[in-house]
Structures are given as structure tokens and as C-alpha cells.
Undergrad: 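Mind having a look at this structure? Questions to follow.
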Number of protein chains: 2
Amino acid sequence: MAQTDTVTRILDTAEVLFAERGFAETSLRNITSKARVNLAAVNYHFGSKKSLIQAVFSRYLDPFTERFHLALDELEAHYAGQVIPLEVLLETMARTVLEVPAERNSLKVFMRLLGLAYSQAQGHLRRHIQEEYGSVFTRFSELVRLATPDLPDVERFWRLHFVLGTVIFTLSGLDALRDIAEKDYGEHTSVRDLIRRLRPVVVAAMNAPLPEPAQPRAEAS
Amino acid sequence: MAQTDTVTRILDTAEVLFAERGFAETSLRNITSKARVNLAAVNYHFGSKKSLIQAVFSRYLDPFTERFHLALDELEAHYAGQVIPLEVLLETMARTVLEVPAERNSLKVFMRLLGLAYSQAQGHLRRHIQEEYGSVFTRFSELVRLATPDLPDVERFWRLHFVLGTVIFTLSGLDALRDIAEKDYGEHTSVRDLIRRLRPVVVAAMNAPLPEPAQPRAEAS
DNA sequence: CCTGATTGGAAACAGTTGTTTTAAACGTAA
DNA sequence: TTACGTTTAAAACAACTGTTTCCAATCAGG
């Protein structure tokens, strides 16, 4: 290994540029020149741009899933068969999300990337994330199921994704929103601040009354 | 005008491809070949790809803002100075969003485009939307302010964007989510179905209890 | 009929993209 | 030293991008 590891410098630069401008809008030459690394180094170490993108995600998702599984293990041990309250589950998830990228202040980047993974329909990425992220999400939503026994399964499925949308949308567009908020209300909003505001909203959303039964309709889509 | 209007055919094709693959991933040749239109026609009628993108948005936003302003006019006339309930405001917005693209079953496309406008950082697009969309959003959030007098301004600002995130995220990723839901719960979910599920969640989110006061912290970001 | 705006076809432009190749250097461990 | 993995440099590759241009064909309105 030479200097500060070419691989690491590529990943560090790539994740920032990807988060700022998206995948298609970030060229390998953008990355390598800003990282002061040879162009060929990307294909040498990662094989292709696709693999680079996946590697950027893995660097976040691998430690995240590991820590989250551990945190859920502790939770299950502590509650010993009893139902874990919804608030505790959400709190644990939030804490894990905050812990993982903490060392580089890159929660913003992490969230932007998650948002891109959803909106930027890169097929290979969705598959890659499903594989790495799927099992822990299944486990988590099963615990949420136990914590919200009155909620029909379909309803809980949708509400979990409603909440996911709120979190990803807000945190990934944080910079823009923060600017507006700061300008209009003169109040600086930190990420921890936002999560504090998020908590009661998310809990209320999950515990909202059930919708009225569906009206029969003619249309399909 | 010849045949079915080249301009219209370009817009119809462009909006679908943009919604499916994003802006950068959709080339003018993709559009013109699928629309069976000459490549040069885009630059002839729209001037540039940027202008094409803005035109695609205008075709949705222009009628939307117009109808939404009218709907709010009627609401204010009907309530004659009295406070319009939050549920009614949200209901009105939802109805307008559903009405506008109804003729082409393209609500999905509309929402995908809105999601892209946020995530895909195209600077010019954000400005363009802010100009066309800003005034009606300001008017709407002022009415929401009157409907939720107990909510501090900052808190309402954030909660409105939480809700916006839920709606855009869910509806723009609808196809993927619908597939999962259908597979796991064997239940087809229409857009109207989703809005029915969305309503109590959104109302509960807006009316959630206030968060506990902020803890003093060391960090900034 | 003629004029001017609209289309189609085709080619070319200059620029960027991801990827590959060849070369020479460098570091480390055997 | 030899050998191997790493890194740089530079160039080239074919493919694709948005945009422009030229020309012939089509069309409607005055």
C-alpha cells in the first residue's frame, strides 16, 4: 500500500461526488482527478463503475447491518420474550443510523445515497441493496409487527414505507431545506434536532387510526 | 400542425422516459426515436434539452397551480373567514393532484418527476419549479398555519416537509412498492387506495404532540 | 401560386463517457 | 536481487452525448 491507500481515497471522493450530483452525472475522471489518483486505478481496483457504486454502498451498509443486528440482539435479550415498544425500536434504529457514519460527519452523504438508490433507478444497485439490507429490514419489521398488533399487515407495510419516505426525503434533501428554514425562521437545525422533531411525528404516524374501508371503484390504476 | 403534433409527441415520450430513467440517463435520441420524430426537432422546438425538461414540468405544473388556486378560492369563499380544517385542506390538495394528470393515467409519472426534481440536483429545474410552484405552496402553507394554530412555525415547516417526503417518496416509488405489497399480501393497491391509507397517517403526523425541548449539545452538524 | 413555418433524413460537429492498453516506476516481501 | 502487487502516466478505443447544419419534402394560409 502506498500513501493513504488509493482505494480509500477513491471511495472517499466518489461517495461525496455521488451524493452531490448523482451517479450518471459523476464521471470517473471527476473522481480520479479530485482524488489525485490515476484514471485506470478505478477499473484496476473495482473493475467497473457499477462495482464502484456498489462498493460505496457496502462501506456504509456492511457496518450498519452488523451493528443493527447486534443492537436488536441486545434488545431482544433485554426484553426476554416481552414485546419491545415501538418507540424503543425506532429509537434503536435512529441511534444505529447515527452511529455508523459518525466518524466522518457523513450522515448527510449516507442519506443522500439512500435517496439516490431509490430514485435513481439503477437496477443493479437495487438488487445489491436488497441482498445486503433485506434481511435486517425483514427482522426489524417483524419486531415492529409485534409492537403494533392492532395494525393489519398491509397497513403496517405501507406505514413503514411512509415513514421511510419521510426520513430519506428529509435527510437527503437536508441542505436545501435547512437553508430555507434558517432563512425563514433564523434557526439552525442540526441532524439531532431533526430526529428529535421526527420522533413524535413518526410514532403518531404509525399509531394513526385505521383508514375508512375502501369504497368500491371502477378504475384500476 | 402535422399528424399528431410533433411537440406533443415529444413531450409525451419524454415525460415517460424521464420518469423511468432520470434526465441524464435519457438521451435525446432515445426520445426522438421512440417518438418517431426527427432528432433535430427537439432543438428546433425547445431550443435545448434543459428547456425540454422544463417544458415537461410546465405541462403538469401550469394546470395544477391554476386549479389549486381556484380550489383554494372556493374553499376560502365557502368558509368565509372561518378557519378551514386541516383535513379539508389536505383533501383539497389530494383531489387537485389527482385531477390534473387524470386524463392520461399519469399520476405515477407526475410523482416520479417531482421526486426526480428533488433528488436529481438539476439546479435550473429547482429554480424553474420554485418560480411556478412557490406561490401556491406559500398560500397553502399559510392556510395550514391557520388550521394548526398550536404548532410553532418551525415545527409546522418541518412537518409539512415530512409529509411531502412521504407522499413523493411513496407515489414516485409506487411501482416497486406495489410489486412487493402484491407479492407479500396478495392485494392490489390502487393510487386512490394509497391516498385513503395516507390520509389518517398524514393528519396524525401533523397533529402529533410537540417534541421534547432540545438538549444542549456540543456538535454542530 | 407562393410564402413561410414545420417536418424528415442524414450527416457532421466537438465533447465526454467508460474502458483498455502499454509503459515505466515504486514498494514490499521472499 | 528477484518477483509481485500497486500506482502513475499517457494514449487510444469505440460509443455516446447535445447541438448544428444542409437539403428536400410537406403543409397551411394569404
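Within every chain, numbering begins at 1; the chains are lettered A, B, ... in the order of the sequence lines, protein sequences first and strands thereafter.
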Undergrad: With the side chain counted from C-beta on, respond yes when B:Val100 and B:Leu107 share a heavy-atom pair under 4.5 Å apart, and no when they do not.
TA: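 The answer is no, as the side chains (C-beta and beyond) never meet within the 4.5 Å cut-off.
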
Undergrad: In whole Å, what is the span from the CZ atom of B:Arg36 to the P atom of C:dG9?
TA: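 Rounded to the whole Å, the gap is 11 Å.
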
Undergrad: When the ring centroid of B:Phe18 is compared with that of B:Phe23, is the distance short of 6.0 Å?
TA: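 Yes, they do, as the ring centres are separated by less than 6.0 Å.
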
Undergrad: Just the rounded figure in Å: distance from P of C:dT22 to CG of A:Asn38.
TA: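 Distance, rounded to whole Å: 16 Å.
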
Undergrad: Report the secondary structure of DNA chain D in dot-bracket form, marking unpaired bases with a dot and bases paired to a different strand with |, and treating Watson-Crick or G-U pairs with both distances under 3.5 Å as paired.
TA: |||||||.||||||||.||||||..|||.|

Undergrad: B:Ala40 side chain: which of D:dT20, C:dG8, C:dT7 is closest?
TA: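 The nucleotide sitting nearest to the side chain is D:dT20.
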
Undergrad: So, are B:Arg139 and B:Glu76 salt-bridged, with charged N and O less than 4.0 Å apart?
TA: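 B:Glu76 and B:Arg139: salt-bridged.
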
Undergrad: Could I get the full list of ring pair (Phe, Tyr, Trp, His ring centres under 6.0 Å) partners for A:Phe64, not counting sequence neighbours?
TA: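 Partners of A:Phe64 under the ring pair (Phe, Tyr, Trp, His ring centres under 6.0 Å) test: A:Phe68, A:Tyr133.
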
Undergrad: With B:Thr8, which of B:Ile10, B:Asp5, B:Leu11 fulfils side-chain contact (heavy atoms from CB on, under 4.5 Å)?
TA: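 The single option meeting the side-chain contact (heavy atoms from CB on, under 4.5 Å) with B:Thr8 is B:Asp5.
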
Undergrad: Provide, to the nearest angstrom, the distance between the CD1 atom belonging to B:Ile10 and the P atom belonging to D:dT19.
TA: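 Answer to the nearest Å: 13 Å.
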
Undergrad: For A:Ser51 and A:Ser48, run side-chain hydrogen bond (donor to acceptor under 3.5 Å, both in side chains): C-alpha distance rounded to whole Å, both residues' side-chain angles, the deciding distance at 0.1 Å, then the answer.
TA: CA-CA 5 Å; A:Ser51 306; A:Ser48 67; 3.1 Å; yes

Undergrad: With salt bridge (charged side-chain N to carboxylate O under 4.0 Å, His left out) as the test, would you mind laying out the steps for A:Arg197 and A:Asp193 before giving the verdict?
TA: CA-CA 6 Å; A:Arg197 294 186 198 280; A:Asp193 226 46; 3.7 Å; yes

Undergrad: Rounded to the nearest 0.5 Å, what separates atom OH in A:Tyr185 from atom CG in B:Asp153?
TA: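 Result: 5.5 Å between the selected atoms.
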
Undergrad: Just how far, in rounded Å, is C1' of D:dC16 from CD1 of B:Ile31?
TA: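 Taking atom C1' of D:dC16 as the reference, CD1 of B:Ile31 is at 15 Å.
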
Undergrad: Counting only side-chain N and O atoms of B:Tyr44, is one of them less than 4.0 Å from OP1 or OP2 of C:dT6?
TA: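 For B:Tyr44, the contact criterion (side-chain N or O under 4.0 Å from OP1 or OP2 of C:dT6) is met.
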
Undergrad: Return the value, rounded to whole Å, for the distance between atom CG of B:Leu52 and atom C1' of D:dT19.
TA: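 Rounded to whole Å, this separation is 13 Å.
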
Undergrad: What nucleotide, of D:dT7, D:dT8, C:dG8, holds the atom closest to the side chain of A:His45?
TA: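 Of all the options, the side chain of A:His45 is nearest to D:dT7.
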
Undergrad: Please list each protein N or O that sits under 3.5 Å from an N or O in nucleotides 17-19 of chain C, with the distance.
TA:
from: C:dT17; atom 1: OP1; to: A:Ser27; atom 2: OG; distance (Å): 3.2
from: C:dG18; atom 1: OP1; to: A:Lys49; atom 2: NZ; distance (Å): 2.7
from: C:dG18; atom 1: OP2; to: A:Leu28; atom 2: N; distance (Å): 2.9
from: C:dG18; atom 1: N7; to: A:Arg29; atom 2: NH1; distance (Å): 2.8
from: C:dG18; atom 1: O6; to: A:Arg29; atom 2: NH2; distance (Å): 2.9
from: C:dT19; atom 1: OP2; to: A:Asn43; atom 2: OD1; distance (Å): 3.4
from: C:dT19; atom 1: OP2; to: A:Lys49; atom 2: N; distance (Å): 2.9
from: C:dT19; atom 1: O4; to: A:Arg29; atom 2: NH2; distance (Å): 3.3

Undergrad: Using whole Å, report how far CZ of A:Arg9 lies from C1' of D:dT7.
TA: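 From A:Arg9 CZ to D:dT7 C1': 10 Å.
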
Undergrad: Any idea how A:Phe110 and A:Tyr60 line up, ring-wise: parallel (<30°), tilted (30 to 60°), or perpendicular (>60°)?
TA: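 The arrangement is parallel - the two ring planes meet at less than 30°.
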
